Amino acid sequence: MGTPAFACPSLEVLLAGPDQVVAVVCQPDRPRGRGLAVVPPETKRLAERHGIHVLQPERVRDAAFHDALRALQPDLGVVVAYGRILPRVVLDLPVHGCINVHASLLPRHRGAAPVQWAIAAGDRETGVTIMRMSEEMDAGDILLQRTLPIRPDHTGGTLAAELAELGAAALREAIDALKAGRLEPRPQPAAGVTFAPRIERGHGRLDWTRPAAELERLVRALAPAPSAFTTVHGKVLKVHRAEVQPGPPGPPPGTVVSAAADGLVVQTGEGRLRLLEVQLEGRRSLPVTAFLTGYPVPAGTCLGR
RNA sequence: CGCGGGGUGGAGCAGUCAGGCAGCUCGCGAGGCUCAUAACCUCGAGGUCGGUGGUUCAAAUCCACCCCCCGCAA
């Protein structure tokens, strides 16, 4: 059971393995993107290429869905970024229950967006957790964990891709170990629980009173999508890449200190942030030099309002 | 039919409303200035104005259709 691209490496591992994949469960095709075209989830596309049966229940509490699932007589449920809280009746339906691939070192970053929040929080390392699923979100017993250092150049996009692969490998390992009976589930520590809520638009707004280092992490966490942003002259300006620049306290946070070939330097609550790649609404993403060529932003301009 | 912005020398943009010599900043090339430089000055090359059709004496500009890029919303 999984929906977006993050789940695909895990599905591929299962398809390549010795066990039969009786079905793929994902969220329904939904109108997405410009023009609201109805687009099938990534896992569905992958499943169909392999001729795997696909289930797309509107409601996970629907009895008809439960019947369909039961008819498949699954031995094990594998859930990767499905995007819905599953009721107990579904969790208990497979003979050996359900396991989950989660992109963090639980109990840290329970929730929908663990990868982004790990970067934004400044974590030095993150990883994946394979766990037995319980009704409480991401609170199940840990079966196996694998860690991955977070590099200073990791973005939400690149880190998620690496964790998807790491998660798939860990999943393979965990299933093999489970079948061999040499995997001992252990409860998550009571201490260290944090939550990583779904990323919403507002999370990307750069609050210039915050330290530059924190803003840089937010920019990376939300790249390439949905992106951190500020505003210039009332227009949305996405910031795709930026770097911290030490600097003396200066003008009010949000003030453009300088705008030249080497970047657009903005005063923050602590230090300065040099914007390197930006995108004005309706325009494509540009290196800051090209952006400034056609859209001059004089020093002294106040961003964010 | 979800709302909206855009496509103009290599890059980014103005010009379109009100049709009339293809413009700006940057880059590139040559020359000059300078102890020197990504600085400064002079000169220069480079464009089927996204495509097709239409209107017109005349279309980047007006009309119709099509292709492509992007922001919002979901």
Side-chain angles (χ1 to χ4, degrees), chain A residues 2-7 25-45 54 56-60 62 81-85 111-113 115-117 120 155-158 160 196-208 215 218-243 245-247 254 256-266 272-305:
Chain A
T3 302
F6 183 85
V25 183
C26 62
Q27 294 204 28
D29 297 3
R30 298 220 187 274
R32 266 197 294 173
R34 210 169 292 125
L36 297 183
V38 175
V39 183
E42 279 79 356
T43 45
K44 180 184 183 182
R45 300 164 61 90
V54 176
Q56 297 179 279
E58 277 293 342
R59 294 174 301 126
V60 290
D62 187 5
Y82 176 59
R84 287 288 175 81
I85 307 279
V115 181
Q116 287 82 353
W117 290 116
T155 65
T158 59
R198 199 169 73 85
I199 298 286
E200 290 171 31
R201 190 92 214 118
H203 288 128
R205 180 179 292 278
L206 293 168
D207 176 356
W208 296 109
L215 296 176
L218 186 64
V219 167
R220 265 192 302 125
L222 301 187
S227 293
F229 67 97
T230 185
T231 55
V232 216
H233 304 135
K235 291 182 187 170
V236 172
L237 184 74
K238 287 188 172 184
V239 179
H240 294 295
R241 204 159 58 82
E243 66 184 18
Q245 175 184 297
V256 173
V257 177
S258 74
D262 60 342
L264 190 57
V265 181
V266 185
R272 293 166 171 181
L273 194 67
R274 184 196 299 276
L275 313 187
L276 298 172
E277 191 168 333
V278 298
Q279 179 174 17
L280 194 64
E281 62 180 57
R283 299 292 184 167
R284 62 185 64 216
S285 178
L286 294 174
V288 77
T289 43
F291 168 72
L292 290 171
T293 301
Y295 196 97
V297 180
T301 303
C302 194
L303 301 182
R305 270 186 306 109

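Letters A, B, ... are given to chains in the order of the sequence lines, protein chains preceding strands, and every chain is numbered from 1. This one's a predicted model, so the numbers in the text were calculated from it and none came from an experiment.
- Summarising the base pairing, C3(B) is matched to G71(B) through a Watson-Crick or G-U wobble pair whose two defining distances lie under 3.5 Å.
- The separation between Glu277(A) atom CD and A11(B) atom C1' is 14 Å, rounded to whole Å.
- Taking every side-chain heavy atom of Arg201(A) into account, C72(B) is the closest of C72(B), A74(B), G12(B).
- Remark: the backbone N or O of Gly83(A) is paired with a side-chain donor or acceptor of Gln27(A) at under 3.5 angstrom.
- Here C72(B) is the nucleotide among G2(B), C13(B), C72(B) with the atom lying nearest to any side-chain atom of Lys238(A).
- Across G54(B) and C69(B), the matching P atoms stand 28 Å from one another, rounded to whole Å.
- For Tyr295(A) and G6(B), the OH to P distance is 13 Å, given to the nearest whole Å.
- Between Arg284(A) atom CZ and G5(B) atom C1' the separation is 13 Å, expressed in whole Å.
- Among the atoms of the strands shown, none is found under 4.0 Å from any heavy atom of Lys235(A).
- Remark: the backbone N or O of Pro4(A) is not paired with any side-chain donor or acceptor of Thr43(A) at under 3.5 angstrom.
- In this structure, the CG atom of Leu36(A) is 9 Å from the P atom of C3(B), given to the nearest Å.
- Taking a 6.0 Å sphere around CZ of Arg205(A), one finds it holds 12 or fewer heavy atoms contributed by other residues, nucleotides or ligands.
- Closest to the side chain of Gln279(A), from the set C70(B), C69(B), G6(B), is C70(B).
- Comparing the C1' positions of G9(B) and C24(B) gives a spacing of 13 Å, expressed to the nearest Å.
- Comparing C28(B) with C68(B), their C1' atoms are spaced 28 Å from each other, to the whole Å.
- Trp117(A) and His203(A) have perpendicular rings, their planes meeting at more than 60° on a 0 to 90° scale where under 30° would count as parallel.
- Annotation: G71(B) and C65(B) have their C1' atoms spaced 25 Å apart (nearest Å).
- Listed candidates were U25(B), G6(B), A73(B). Nearest to the side chain of Arg283(A) is G6(B).
- Remark: side-chain polar atoms of Gln245(A) are not paired, donor with acceptor, to backbone N or O of Leu273(A) under 3.5 angstrom.
- On the C1' atoms, G53(B) is 25 Å away from G15(B), given to the nearest whole Å.
- Base pairing annotation: G20(B) forms a Watson-Crick or G-U wobble pair with C57(B), both donor-acceptor distances under 3.5 Å.
- Of the possible polar contacts, none joining the Thr230(A) side chain to the Leu206(A) backbone as a donor-acceptor pair under 3.5 Å is found.
- What separates CG of Leu237(A) from C1' of G71(B) is a distance of 12 Å, to the nearest Å.
- The CD atom of Glu200(A) sits 15 Å away from the P atom of C72(B) (whole-angstrom rounding).
- Pairing partner, U37(B): none, since no Watson-Crick or wobble contact has both distances short of 3.5 Å.
- Nucleic acid contact class of Arg30(A) (heavy atoms, under 4.0 Å, all strands): none.
- The separation of G7(B) from C13(B), taken at their C1' atoms, amounts to 12 Å, rounded to a whole angstrom.
- What separates CG of Leu280(A) from C1' of G5(B) is a distance of 10 Å, to the nearest Å.
- G46(B) is unpaired under the criterion used here, namely a Watson-Crick or G-U wobble arrangement in which both key atom distances are under 3.5 Å.
- One C1' atom belongs to A45(B), the other to A18(B), and the distance between them is 35 Å to the nearest Å.
- Residue-level contact check: Leu286(A) touches the backbone only, with heavy atoms under 4.0 Å from sugar-phosphate atoms and none from bases.
- Separation of the P atoms belonging to G51(B) and A59(B) is 15 Å when rounded to the nearest angstrom.
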